[in-house]
S.K.: 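Quick one: this structure, given as structure tokens, is what I'll be asking you about.
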Amino acid sequence: MTDTLFPGFEECFIEHPKGRFYARIGGNVTSPALVLLHGFPETHASWHHIAPALAQSHRVICLDLKGYGRSCVLPGDAAHEEYAKRTMAQEVVEVMATLGHQRFSVAGHDRGALIAYRIALSWPEKVEKLVLLDNLPVSKVWEIMADNPLATPHWRTFALPAGAPEQCMTQTYLEEILRVHTADGSLNCFTDEVLEDFRRSWREPERVHAFCEDYRAGAWQDVEDDRRDLAAGKIITAPTLVLWGEVFLGRLAESPLASWQSTFIPHAQGVEVAGGHFNAEENPQETLRALQAFLC
């Protein structure tokens, strides 16, 4: 990927016991650290509109999650532990430590938000500030689906046993997933270069399997972890911003902010931005403004 998307950023492979993690890193080395975690079916490239501006005040690490982009990919397991969000959260904590960051802020979108809040729950001493973009607690999503079987149907489809979900994840199918989650029903918010970075992952069968394992963990380990922590009264203590798109989660009967406040983050503050699910790409101006106001 050229520097046109991330001017002034360096490419970096970070060694980890499970393999190498890929990141684009920018900003002054002495600035507070901020790790940006992308969602499905994207890569770190999803942050290209806002990362350079955030790097004016932070050391910004745009990380490819395990199984995505250029980061290591591992097979799943029968217990769905490998792609459980607490497992992936621990990997992010370890990668950040390798980079020299024992404490940092974290912003996660979509699947990245599920990992981000798990970091804040399980390693509260690590998190300076938390930003959750356009997702809800895993347990809350499954509650919504129990009430409405038509809600987020891909969460169910991708969590089915290995075989059929992987076969359905063609490039055409994944582009349609992107399209139906935008406000205008098009791919116009994604540049050709960014789409090609996404498609590179989609062409690798082992990564497509990892995508499905991510969702299988979401249907098993992740929801059980949520329920256990909710029963124990566990909450996130880090200052938290919840941000969502007006024509996606903004259409739910309960606002995303209320969902987080009634579960893990009673003190959370919230911002709704115009657009659909892909906040940093559909509406980078409002998304960046909200993040800068909260993080700085």
S.K.: Does a side-chain N-to-carboxylate-O contact under 4.0 Å join E213 and R207?
M.R.: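 The answer is no: the pair does not qualify as a salt bridge.
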S.K.: Is it possible for you to check whether K126 lies under 6.0 Å from the centre of the six-membered ring of F104, through NZ or CZ, and within 45° of that ring's axis?
M.R.: no
S.K.: Let's go through E281 and H49 carefully: what are the C-alpha distance in whole Å and the side-chain angles of both, what is the deciding distance for side-chain hydrogen bond (donor to acceptor under 3.5 Å, both in side chains) to 0.1 Å, and is it a yes or a no?
M.R.: CA-CA 7 Å; E281 290 139 311; H49 284 304; over 6 Å; no
S.K.: Inspect the contact between E10 and R24 and indicate whether a charged nitrogen and a carboxylate oxygen are less than 4.0 angstrom apart.
M.R.: no
S.K.: Check step by step if side-chain contact (heavy atoms from CB on, under 4.5 Å) holds for L295 and L241.
M.R.: CA-CA 9 Å; L295 292 169; L241 173 68; over 6 Å; no
S.K.: Report yes or no: do H38 and D110 form a side-chain donor-acceptor pair below 3.5 Å?
M.R.: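 No.
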S.K.: Can you tell me how far apart CG (D134) and CG (N279) are? Round to the nearest 0.5 Å.
M.R.: 4.5 Å
S.K.: Salt bridge or not for R118 and D222, using N-O below 4.0 Å?
M.R.: no
S.K.: For a side-chain contact (heavy atoms from CB on, under 4.5 Å) check, start with the C-alpha distance between L121 and I119, then their side-chain angles and the critical distance, and finish with the verdict.
M.R.: CA-CA 5 Å; L121 274 172; I119 296 173; over 6 Å; no
S.K.: Check for me whether the distance between the ring centres of W260 and Y117 falls short of 6.0 Å.
M.R.: yes
S.K.: Between E81 and R86, does any side-chain N to carboxylate O distance fall below 4.0 Å?
M.R.: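 R86 and E81: salt-bridged.
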S.K.: Judged by atom type as modelled, is there a donor-acceptor pair below 3.5 Å linking the side chain of T157 to the main-chain atoms of P153?
M.R.: yes
S.K.: Taking only Lys NZ, Arg NE, NH1 and NH2, and the carboxylate oxygens of Asp or Glu, determine whether D214 and R111 approach each other closer than 4.0 Å.
M.R.: yes
S.K.: Under a plain distance cut-off of 3.5 Å, with no hydrogens placed, do S71 and D64 share a side-chain donor-acceptor pair?
M.R.: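 No, no side-chain donor-acceptor contact under 3.5 Å.
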S.K.: Once side-chain hydrogen bond (donor to acceptor under 3.5 Å, both in side chains) is applied, what residue pairs with a partner in residues 160-181 remain, sequence neighbours excluded?
M.R.: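 Sorted result for residues 160-181: E166-H209, E166-R216, Q171-E175, E175-R199, E176-R179.
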S.K.: Charged N to carboxylate O under 4.0 angstrom, K18 versus E91?
M.R.: yes
S.K.: Please collect all ring-ring contact (aromatic ring centres under 6.0 Å, His included) contacts where either partner lies in residues 186-205, sequence neighbours excluded, each pair once.
M.R.: F190-F278
S.K.: With the side chain counted from C-beta on, respond yes when I144 and T152 share a heavy-atom pair under 4.5 Å apart, and no when they do not.
M.R.: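 With C-beta onward as the side chain, the pair stays apart.
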S.K.: By the definition ring pair (Phe, Tyr, Trp, His ring centres under 6.0 Å), identify the one residue from Y22, F211, Y83 that meets it with Y68.
M.R.: F211
S.K.: Does the pair S259 and E254 meet the rule for a side-chain hydrogen bond (donor to acceptor under 3.5 Å, both in side chains), with working shown?
M.R.: CA-CA 7 Å; S259 291; E254 180 181 62; 2.7 Å; yes
